[in-house]
Amino acid sequence: MEKKRVRLVVAYDGTNYHGWQIQSNGITIESELNRCLSELLQEPIEVIGASRTDAGVHALGNIAVFDTTSRMPAEKISYALNQRLPEDIRIQASEEVAPDWHPRYCESRKTYEYRIYRGEFPMPVKRLYSHFTYRPLDVESMRQAAHYLVGEHDFKSFCQTGAQVESTVRTIFSLEVEEQGAELVIRVCGNGFLYNMVRIIAGTLMEVGQGKRTPESMTEILEQKHRQAAGPTAPANGLMLMKYEFLR
């Protein structure tokens, strides 16, 4: 039978998962999609994800594709699949795409948000979706620091050691630090992100906000091209993949 390729827009709360990619030590978003799709379509299914988010990271719109010989219309698969998936994973859309369409090889823009809850004490209902700090943050200094990271740079200093990539050069189109009441939102849009890159940017900007670094030090961090030059990796729970935009 002729195969077709289906694209899924996948939203999930990553709290209970060991990230996107299949792991031997626990359940993942990918393993749940494969399991439920294989049961639904009665054939072995293996999805290809656009972004391999880490354990505890959330998404409003990650992208996955898979091939199937099923006659079920692509746009109906989302409805049927959502009946089988755990309630913390939901397909937002499903559609047929070209047989050779691949989410990792398309020119795209990805937008992430990192949320920081500022207060004297933690807020329980925020704990799964934001990082708590009681320390005052100088927001203007964080904005100044963010400006230095916009554009095409070698972000090796902002990549977790041991990542296997051909190049550590990436382009950040925009990097905003926005106040939303007690929450501070770091919103970054780029053409791609290295392993833990957004969380390391968030951790470094928080050190600027605490006065441990100057905004101008971002230039030196980029130039050093060494993980130890940048700040700590911020916790996963504050990070959310907001959207993918495919440019062609």
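Below, each value reflects all heavy atoms present in this structure, side chains not excepted, and no hydrogens, waters or symmetry copies. These numbers come from a predicted model, not from an experiment.
Rounding to the nearest 0.5 Å gives a distance of 6.5 Å between CE of Met242 and CE of Met240. For the atom pair CD1 of Ile22 and CD1 of Ile27, the computed distance is 12.0 Å after rounding to the nearest 0.5 Å. Taken from OG1 in Thr204 to CE in Met218, the straight-line distance is 6.0 Å, to the nearest 0.5 Å.
Tyr17 has its ring centre no less than 6.0 Å from the ring centre of Tyr12.
Every residue meeting the ring pair (Phe, Tyr, Trp, His ring centres under 6.0 Å) condition with His102, not counting sequence neighbours, appears here in chain and number order: Tyr105.
Thr233 and Arg227 are linked by a side-chain donor-acceptor pair at a separation below 3.5 angstrom, with hydrogens and angles left out of the test. Tyr112 and Thr53 share no side-chain donor-acceptor pair at under 3.5 Å. With 3.5 Å as the limit, one finds a donor-acceptor pair spanning the side chains of Glu43 and Thr69. Looking only at atom types and distance, the side chain of Asp154 has a donor-acceptor partner in the side chain of Thr168 under 3.5 Å away. Neither side chain, Lys76 nor Ser78, offers a donor N or O lying under 3.5 Å from an acceptor on the other.
For Arg115 and Tyr129, the positive end is not near the middle of the six-membered ring at less than 6.0 Å and at most 45° from its axis. Annotation: cation-pi geometry not satisfied between Arg5 and Trp101 (NZ/CZ under 6.0 angstrom from ring centroid, within 45° of ring axis).
Put simply, the side chain of Leu137 does not reach to within 4.5 Å of the side chain of Leu205, judged on heavy atoms. Using a 4.5 Å cut-off on side-chain heavy atoms (C-beta onward), Leu184 and Tyr114 make no contact. Contact check for Gln21 versus Thr28: no side-chain heavy atoms found under the 4.5 Å cut-off. No side-chain heavy atom of Thr133 sits less than 4.5 Å from a side-chain heavy atom of Tyr117. Residues Leu8 and Ile63 have side chains not in contact (no heavy-atom distance under 4.5 Å, counting atoms from C-beta outward). Leu85 places a side-chain heavy atom less than 4.5 Å from the side chain of Arg90. Looking only at side-chain heavy atoms (C-beta outward), Val9 and Tyr244 stay at 4.5 Å or farther from each other. At least one side-chain heavy atom of Met197 sits less than 4.5 Å from a side-chain heavy atom of Ile172.
Here the shortest heavy-atom pairing between Asn34 and Glu46 reads OD1-CA, 3.3 Å.
Side-chain N or O atoms of Ser130 include none that pairs as donor or acceptor with a backbone N or O of Ile116 at under 3.5 Å. No donor-acceptor pair closer than 3.5 Å links the side chain of Asp54 to the backbone N or O of Gly19.
Checked for salt-bridge contact, Glu178 and Arg187 meet the test: a charged N lies under 4.0 Å from a carboxylate O.
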